[in-house]
**Student:** 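Structure incoming, see below.
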Amino acid sequence: MFDFEFIRNNFELIKRSAELKGESVDVDKFTLLDLKRRDLVKRRDAIRAEQKQISLKVAELKKSGQGDKAEDLIKQSRQLSESESQLTVEITEIETELYTLISWMPNIPDASVPLKTVTTIKEHGNPLAFEFTPKTSDELCESLDMVDFKRSTKVVGSNFPCYKGLGARLERALINFMLDLHIKQGYTEILPSYLVNPKSMFHTGQLPKLEEDMYFIGKDNLFLNPTAEVPVINLFQEEVLDAKDFPIKYVGYTACFRREAGSYGKMTKGLRRLHQFNKVELIKFVHPDSSYQELEILLKEAEEVLKLLGLTYRVILLPVNDMSFASAKTYDIELWAPASKEWLEVSSCSNCEGFQARRAKIRFRDKGEMKTVHILNGSGVATPRLFITLIEQYQTADGGIIIPEVLRPYMGGIDIIDSKKKNQET
RNA sequence: GGAGGGUUAGUCUAACGGUAAGGCAGCAGACUUGAAAUCUGCCGGGAGUAAUCCCAUGGGGGUUCGAAUCCCUCACCCUCCGCCA
């Protein structure tokens, strides 16, 4: 969200970036309402000033025991009061409209972001060649009994996975491995609430735009978080941070809930796109002057997960039309699923600059001046597609899965998942 | 769920219904080799070249010429009671 003054001075920029992000923002309407508001406010202020003067005179008269002389003044003030409240009604209406208008303006992309072309920044690892026909993750999950999709459907519905046996253990191992790694990188762990209030959803930019994609508990007016970004960032809403602590780094794990309304087809098969999934999320509060350097560091910190797991991945720079509402610049990390033969997105690392911070009123003091912090977020990483690519990349000719060494301590020393060991819980 | 108490600026704390006062922190300057101390100014937001004006006491409403103050309502915090893992 932007300040009024910024909007007044940057019409073209806002209009163009909104169009590129697929939003229609009526900038002309803003100008019209803004001018009207300023005019009305000026008129109301004049009335209020007059009322104040009268009020002071009344007080004086009453103090000096001449209360009866105040009658005319009081009558006059009552009349002013009427026109004042009329103007206030008009102003409130306009402000509501303006606020709605502003809350639908997406963040402006950084100058380094391409308009429509996806740019591959780097590739890591080798293209994997198997001397046998590799199984897809769906086949492996079934043959090794790691995820029970069918039974879970009876409990809740489709696309809510139920991990089972060593599948559950592997999922848990991944989460813990990632958390421990990021803690080593200097992040403070947060285990936040899964439910968040509407205000918080607005601050981080999920509302108003993505309301349809969110689970909502009407009885208590709460949303299920779609990412730990929401509860973690909102911990600090309306706070003034200390610049001495920058960069402030938090890592949070939560289950994430998304309705994925309108999704269908191949992309929803297996673990590809789920209503509930696990994600470890990195959040940084930084000084505006260094937020783009911090974004590069954040990306490297997320990549470290995949490097240590020995996975083949690539990093792409998202063009404006693929970027989220709140982001100014986003890198995606994609993993290679060799059997399914597709790149799967497991992480988005974004610099949202002051967009969320202005909404959430998260500020810091810089040489006596209050400023808006810049907020970055990055998945480090989401588990389902990591799970898919890991089991596809590490599968053996006889249908087992080798556990990467860094995960073994989290798996009770298990080094391979195979058909004999599939339900083992040593 | 019930009863009572509370919410004032970055922070801490005042204000018989008469128009938000202080302290601390912070910033700038003076003094100083430098610092501390001290002194001066600034130190919530908006409009205006400026003088100045308006808004702001958790949110929303009401009473009043006038509300931080009185009333209603909601949110949150604290204490106690009830219920429960």
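Everything numeric here is computed off the predicted structure, so don't read it as measured data.
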**Student:** Given the P atoms of B:U19 and B:G10, what is the spacing between them in whole Å?
**Tutor:**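 Nearest-Å result for B:U19 against B:G10 at atom P: 24 Å.
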**Student:** If I pick the C1' atom on B:A67 and the same atom on B:C55, what distance separates them, to the nearest angstrom?
**Tutor:** 15 Å
**Student:** What interatomic distance, in whole Å, is found between C1' of B:C74 and the corresponding atom of B:G18?
**Tutor:** 29 Å
**Student:** If a pair satisfies side-chain hydrogen bond (donor to acceptor under 3.5 Å, both in side chains) and one of its residues is in residues 345-355 of chain A, list it, with sequence neighbours excluded.
**Tutor:**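 As it turns out, the side-chain hydrogen bond (donor to acceptor under 3.5 Å, both in side chains) pairs with a partner in residues 345-355 of chain A, which skip direct neighbours, are A:S291-A:N351, A:Y292-A:E353, A:T330-A:S350, A:D332-A:S348, A:E345-A:S348.
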**Student:** By the 4.0 Å heavy-atom rule, please label A:V240 as base, sugar-phosphate, or nothing.
**Tutor:** sugar-phosphate
**Student:** What dot-bracket string describes RNA chain B from 5' to 3', counting Watson-Crick and G-U wobble pairs whose defining distances are under 3.5 Å, with [ ] for crossing pairs and | for pairs to another strand?
**Tutor:** (((((((..(((.....[...))).(((((.......))))).((((....))))..(((((..]....))))))))))))....
**Student:** Keeping to residues at least two apart or across chains, list the side-chain hydrogen bond (donor to acceptor under 3.5 Å, both in side chains) pairs with something in residues 3-17 of chain A.
**Tutor:** A:R8-A:D34
**Student:** Could you pull out all residues at least two apart from A:Q206 that satisfy side chain to side chain donor-acceptor pair (under 3.5 Å)?
**Tutor:**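 With sequence neighbours excluded, A:Q206 shows a side chain to side chain donor-acceptor pair (under 3.5 Å) to A:T204, given in chain and number order.
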**Student:** Excluding sequence neighbours, so at least two apart, what forms side chain to side chain donor-acceptor pair (under 3.5 Å) with A:E304?
**Tutor:** none
**Student:** Quiz question: by atom type and distance under 3.5 Å, do the side chains of A:E189 and A:Y253 form a donor-acceptor pair?
**Tutor:**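 No, A:Y253 and A:E189 have no side-chain donor paired with an acceptor closer than 3.5 Å.
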**Student:** What residues form a salt bridge (Lys or Arg N to Asp or Glu O under 4.0 Å) with A:E281, not counting sequence neighbours?
**Tutor:** A:K279
**Student:** Want to settle it: does A:S81 or A:R363 sit nearer the 5' end of RNA chain B, counting the closest nucleotide to each?
**Tutor:**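 Looking at RNA chain B, the more 5' nearest nucleotide goes with A:R363.
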**Student:** Which nucleotide span of RNA chain B, 5' end to 3' end, has atoms closer than 4.0 Å to non-hydrogen atoms of chain A?
**Tutor:**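 For RNA chain B, the relevant span reads B:G10 to B:G66.
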**Student:** Can you tell me how far C1' in B:G1 sits from the matching atom in B:G82, rounded to whole Å?
**Tutor:** 7 Å
**Student:** With rounding to whole Å, what would you report as the distance between B:C43 and B:U11 at their C1' atoms?
**Tutor:** 13 Å
**Student:** I'd like the P distance from B:C16 over to B:C65, given in whole Å.
**Tutor:** 23 Å
**Student:** With C1' as the reference atom in both, quote the distance from B:C70 to B:U64 in angstrom, rounded to an integer.
**Tutor:** 10 Å
**Student:** If you find the nucleotide of RNA chain B closest to A:K75 and the one closest to A:R37, which residue's nucleotide is nearer the 5' end?
**Tutor:** A:R37
**Student:** A:D28 and A:T31: side-chain donor and acceptor closer than 3.5 Å?
**Tutor:**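 Absent: no donor and acceptor within the cut-off.
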**Student:** Can you check the distance between B:A68 and B:G59, where both ends of the measurement are the P atom (answer in whole Å)?
**Tutor:** 11 Å
**Student:** If the condition is side chain to side chain donor-acceptor pair (under 3.5 Å), which residues does A:K371 pass it with, not counting sequence neighbours?
**Tutor:** A:D366
**Student:** Counting any heavy atom closer than 4.0 Å, what does A:K62 reach on the DNA or RNA strands: base, sugar-phosphate only, or nothing?
**Tutor:** base
**Student:** For A:R358, enumerate each residue passing the salt bridge (Lys or Arg N to Asp or Glu O under 4.0 Å) test, keeping only those at least two apart in sequence or located in another chain.
**Tutor:**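 With neighbours one apart ignored, the set is empty.
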